[in-house]
Amino acid sequence: MNRSILLNPGPVTLSDRVRQALLRGDWCHREPEFAELTLDIRRRLVEVYPEASPDYEAILLTGSGTCAVEAMLSSLIPPQGKALVVCNGVYGERMAAMITAHGKAIATVVSAWLDPIDLVAIEQILTHDPAITHVVAVHHETTTGRLNNIAALGQLCQRWGVALLLDTVSSFGAEAIDFGGWNLEACAATANKCLHGVPGLAFVLVKRTSMETHDSAAGSLYLNLHRYYQEQIQGFSPFTQAVQVAFALQEALKELQDKGGWQARHLHYQTLAHQIRRGLHHLGFNLLLTERELSASLTSFKLLPRISYVQLHDQLKQAGFTIYAGQGGLKNDIFRIANMGDIFDEDVERLLTCFHRIGKNASHTSSI
Ligand SMILES: *Cc1c(COP(=O)(O)O)cnc(C)c1O
């Protein structure tokens, strides 16, 4: 029996090691053993990028990636602050919607989903609008698979002295994040994408000085990072945490470390992504973006006219593979294949064999 393989960008295919960790037991989140577990996870999270560990604190939240993103934006942009939100996909647009919902001042630089972020327009706004306190952007824009040029954006943030808040939900643990060079105040991510944990816990890595010196700006009680920080210094949390999900996250972080850390994971993803891109190229599928624009963890392919997304999805699903549709305006044009999770080259070989069979059947049917 083959394993079923998730090729959507989270939740991911689990390793047995992580799945087994879910069964460790029934614990109360207010007992010292859970506090110890929380402290261990928080330490491991800041050590995924060792250069982050002296200056950043990890704050754990029960919720999905969006929960951590919203906690970051609601807690760190002060009521009198102003955010410049950079959008070239669903997740940038979602952050702009959050800031608007919180009633905070906002400017946006919106690019088409297929375009890179507009650094010229960003610099112009930073030059002309001294009210901007924060730049808000997505590292890996999962809508298309583009790894945004945060190195250049971070340089602008350094130069203009504005803090950067980053959605690293689909990059944390597998792509380079320059904690020293981007004027990065915080980044938000989740247990269940590149870290290979179970959905249900998310986290924000935030500069310790922001937690110690700024009073909470939070327009939310439940998502107030300052409140979590005050208690998580001791390992406790204001509200019930997802205990079993925390077991799995700790195991996933140990596994990441045992396998060589984020750089090794990046290389592994890169190898799988190349194998997928090469294989599907041979079968006639074209990339939505150029290879050098893409992250290591996800690829968007253009659909072929002779086979719809639903047909492709359903046939692959029967064979044990779950692929992912395009969003919004790309819904009928593309499909996405993520290679996060406990996936290996033999899984990709099997996937490519299925694609080959589906392609042959489709061309056979359409020629009748
Ligand atoms: C998946 C994803 C999110 C949202 O995560 P949820 O866990 O679905 O809330 C946010 N941003 C990016 C870039 C993502 O890929």
Side-chain angles (χ1 to χ4, degrees), residues 6-14 45 59-74 83 85-99 101 110-111 113 116-117 135-150 153 164-177 184 186-205 220 222-223 241-242 245-246 248-249 252 265-266 269 273 288-289 293-300 322-328 330 334-341:
L6 295 176
L7 299 170
N8 48 291
V12 299
T13 307
L14 300 178
L45 284 171
I59 300 178
L60 265 187
L61 301 155
T62 286
S64 77
T66 306
C67 164
V69 171
E70 189 151 19
M72 170 176 78
L73 299 178
S74 102
V85 186
V86 181
C87 308
N88 59 345
V90 168
Y91 298 101
E93 290 169 10
R94 185 180 289 176
M95 290 199 290
M98 286 171 181
I99 293 166
V110 180
S111 303
W113 285 7
I117 60 174
V135 169
V136 174
V138 181
H139 190 203
H140 170 210
E141 186 43 271
T142 321
T143 311
T144 53
R146 179 186 294 278
L147 192 66
N148 278 324
N149 186 356
I150 303 300
L153 183 66
L164 179 62
L165 301 177
L166 216 49
D167 170 343
T168 56
V169 176
S170 62
S171 55
F172 190 95
E175 300 286 353
I177 300 173
L184 186 66
C187 63
T190 180
N192 63 294
K193 294 204 188 191
C194 306
L195 294 181
H196 298 187
V198 175
L201 280 173
F203 58 91
V204 180
L205 252 62
S220 165
Y222 190 73
L223 299 179
Q241 293 279 26
V245 178
L249 177 56
R265 181 148 297 169
H266 177 81
Y269 281 6
L288 180 69
L289 302 177
E293 295 173 295
L294 291 168
S295 76
S297 58
L298 181 134
T299 312
S300 294
T322 303
I323 61 166
Y324 214 49
Q327 286 156 291
L330 292 172
I334 68 164
F335 61 97
R336 291 177 289 172
I337 295 191
N339 47 259
M340 304 163 184

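Ligands are counted one by one from 1 in listed order, and the atoms in each one are counted from 1 as well. The analysis underlying the following values was restricted to heavy atoms, covering all of them including side chains, and did not include hydrogens, waters or symmetry mates.
Counting protein heavy atoms only, atom 10 (C) of ligand 1 is closest to Tyr91 CD2, 3.3 Å. The nearest heavy-atom contact from the protein to atom 11 (N) of ligand 1 is Asp167 OD2, 2.7 Å. From the protein, the heavy atom lying nearest to atom 15 (O) of ligand 1 is Thr142 OG1, 2.5 Å. Protein heavy atom closest to atom 7 (O) of ligand 1, with residue, atom name and distance, is Gly65 N, 2.9 Å.
Between atom CD of residue Glu93 and atom CD of residue Glu141 there is a gap of 8.0 Å, rounded to the nearest 0.5 Å.
If you number the atoms of ligand 1 from 1 as listed, the ones under 4.0 Å from a heavy atom of Ser170 come out as 13 (C), 15 (O). Close contacts of ligand 1 with Arg94, meaning ligand atoms under 4.0 Å from a residue heavy atom, involve 4 (C).
By the 3.5 Å distance cut-off applied to N or O atoms, Lys193 is counted among the residues near ligand 1.
Taking the six-membered ring where the residue is Trp, Phe203 and Phe172 present perpendicular rings, their angle passing 60° and hence far from 30°.
A donor-acceptor contact shorter than 3.5 Å is absent between the side chain of Thr190 and the backbone of Val169. Proximity of a side-chain donor or acceptor of Asn148 to a complementary backbone N or O of Val138 within less than 3.5 Å is detected.
Both the backbone and the side chain of Thr66 come within 4.0 Å of ligand 1, counting heavy atoms alone. With a heavy-atom cut-off of 4.0 Å, His140 touches ligand 1 through its backbone alone.
Remark: the Ser74 side chain and the Ser220 side chain contain no N/O donor-acceptor pair separated by less than 3.5 Å. A donor-acceptor contact closer than 3.5 angstrom is absent between the side chains of Thr168 and His139.
Among all heavy-atom pairs drawn from Val85 and Gly92, the shortest one is CG1-O, 3.7 Å.
One option in Gly63, Pro11, Pro9, Ser64 has a heavy atom closer to atom 6 (P) of ligand 1 than any other, and that option is Ser64.
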